[in-house]
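Below, read A as the first sequence line, B as the second, and so on, with proteins coming before strands; counting in each chain starts at 1.
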Amino acid sequence: MQFTLHPNVYNTSPSSKGLLHMLEQVWVRDREPGDGTNYIISGFSNYNGGVRFYEIFKQHIDNGGQCIAILGGSTSQRLSSIQVVEQLLEVGCKVYLINRKRILHAKCYGFSTNNEQGVVISSGNFTGPGMSQNIEASMLVKGSHVQELNFSWNDLINNMLSQNWSIYEPTLADRTHPAWQLLYDEIGTSVRLEDAQEVTMLLTLSHADTARIQAAPGTTAGKGTQYFWLSKDSYDFFPALTIRNERGHKATYSALINMNYVDLGIVDNECRVTFEAENNLDFRLGTGKLRYSRIARSGDLAAITRISEFDYELRVLPIGSNAYTELLPYAVNFIGHQGKRYGYISNEDFSNILTNS
DNA sequence: TGCACTGGGTCC
DNA sequence: GGACCCAGTGCA
């Protein structure tokens, strides 16, 4: 059994580092694709909540396995999105939506095979924030402890689906089915960002982030793509990563955002952030406009401000500057092995510090 | 010419 | 072996 409170607050064992890590245990590690059934029960869900696992589910289902998702749905609340349900259906999941005034609020995840079950009971929804920056408690029960509980995924699902609830089954074949009216659109222009998401990511830059920025035009050091490499916990800082790669054989998931390079006075309306789902799980922010600009050096702080769903601003705060000194303490997470740090600050606090330093 | 891809490296 | 780090290739 394992318990965790994320992000990075408390773990009962080194092998449980947050909800996402527990889900990797029950759906990826120690599992054979095609063996048994995977389960998702979550009141809220969005595309980035599942982006780590769509390829895993697809392989599992293509090899004869099953995947069942029971999600919240509503016409008046933003519970689950069109995008996550579409993607789950595309990879072959069975999706049920519970439309209820007193909403489905449980979050349970796991699997069952002929001889084994695993279950994660969590406060974390199947959403980007639930998987990364929200404070969520999760408990994983597996092996003989599941039998001690006398827990049965089969019974749980059967009992849920036999309740006298409004249960809808959306399908890709019938997009006019009322089930689709219970879902909200993550991509639409009417999307308004919640206050909690109006934050600035502070990220120290390492050699790999700045080598092409510092390169002289025409040299090999400038070849390839200019990226900032982000933490894998960045699911909730970007819009739905629904753009699949067109060429290549390893699945990637991207979103296009509008990036205002404040230092350069350039706005890039096709700034791409990519999650390398089948390569190395890299989270990369394309920052090509910075190439050759010399505007950032290794050790500098990048401030990426999310001002609306698709609009971002990028500033480089040079190491040693007043703003750097004031803001570095907010980059509380140490990641990688080159001393990279990142963290978040509210846009209001960020703006105040910028103007006063 | 620039960036979507590739596929390793390296440290813990 | 996970999670950033790195240095490109080759295609549009």
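At dC5(C), one or more side-chain N or O atoms of Lys340(A) fall inside 4.0 Å of OP1 or OP2 (strictly under the cut-off). Taking side-chain N and O atoms only, Arg284(A) has no distance below 4.0 Å to OP1 or OP2 of dC5(B). The side chain of Gln338(A) places no N or O atom within less than 4.0 Å of a non-bridging phosphate oxygen (OP1 or OP2) of dA3(C). The side chain of Lys223(A) contributes an N or O atom lying less than 4.0 Å from OP1 or OP2 of dT9(C). A sub-4.0 Å separation between OP1 or OP2 of dC4(C) and a side-chain N or O of Ser231(A) is present. In this structure, His207(A) reaches the dA7(C) phosphate: one of its side-chain N or O atoms is under 4.0 Å from OP1 or OP2. Side-chain nitrogen and oxygen atoms of His249(A) include at least one within less than 4.0 Å of the OP1 or OP2 phosphate oxygen of dT6(B). Look at Arg272(A) and you'll find a side-chain N or O under 4.0 angstrom from OP1 or OP2 of dA4(B).
Phe275(A) is not listed as a side-chain neighbour of Phe238(A), based on a closest heavy-atom distance of 4.5 Å or more.
Checked against Tyr109(A) for a side-chain contact (heavy atoms from CB on, under 4.5 Å), the options Ile121(A), Leu19(A), Asn38(A), Leu140(A) give a single hit: Leu19(A).
Listed nucleotides dC5(B), dG8(C), dG2(B) differ in distance to Arg291(A); the shortest reach to its side chain belongs to dG2(B). With dC3(B), dT10(B), dC6(C) as the candidates, the nucleotide lying closest to the side chain of Thr225(A) is dC3(B). Comparing dA3(C), dT6(B), dG7(B) by their nearest atom to the side chain of His21(A) picks out dA3(C).
When heavy atoms are screened at a 4.0 angstrom cut-off, Arg244(A) is found touching no nucleic acid atom at all. The residue Gln226(A) sits apart from the nucleic acid: no heavy atom pair falls under 4.0 Å. The residue Tyr342(A) sits apart from the nucleic acid: no heavy atom pair falls under 4.0 Å.
Along DNA chain B, the nucleotide nearest Tyr292(A) and the nucleotide nearest Trp229(A) are compared for position; the residue whose nucleotide lies closer to the 5' end is Tyr292(A). A residue-by-residue look at Asp282(A) and Ala221(A) shows that Asp282(A) has its nearest nucleotide of DNA chain C further toward the 5' end. Heavy-atom distances to DNA chain B give each of Ser254(A) and Asn280(A) a nearest nucleotide, and the one nearer the 5′ end belongs to Ser254(A). Where Asp233(A) and Thr220(A) each meet DNA chain C at their nearest nucleotide, the meeting point lying more 5' is that of Asp233(A).
For Gln83(A) (side chain) and Glu186(A) (main-chain N/O), a donor-acceptor pair under 3.5 Å exists by modelled atom type.
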Could you walk me through whether Leu354(A) and Arg315(A) satisfy the side chain to side chain contact (heavy atoms under 4.5 Å, CB included) test, starting with their C-alpha distance in whole Å, then the side-chain angles of each, then the deciding distance to 0.1 Å, before giving a yes or no?
CA-CA 10 Å; Leu354(A) 264 196; Arg315(A) 293 173 176 83; 3.5 Å; yes
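For dC5(C), the base has no donor-acceptor partner in the side chain of Asp209(A) [N/O atoms by modelled type, under 3.5 angstrom]. Within 3.5 Å, no donor on the side chain of Arg29(A) pairs with an acceptor on the base of dG1(C), nor the reverse. For dC5(B), the base has no donor-acceptor partner in the side chain of Tyr253(A) [N/O atoms by modelled type, under 3.5 angstrom].
Taking a cutoff of 4.0 Å between a charged side-chain nitrogen and a carboxylate oxygen, Lys232(A) and Glu24(A) qualify as a salt bridge.
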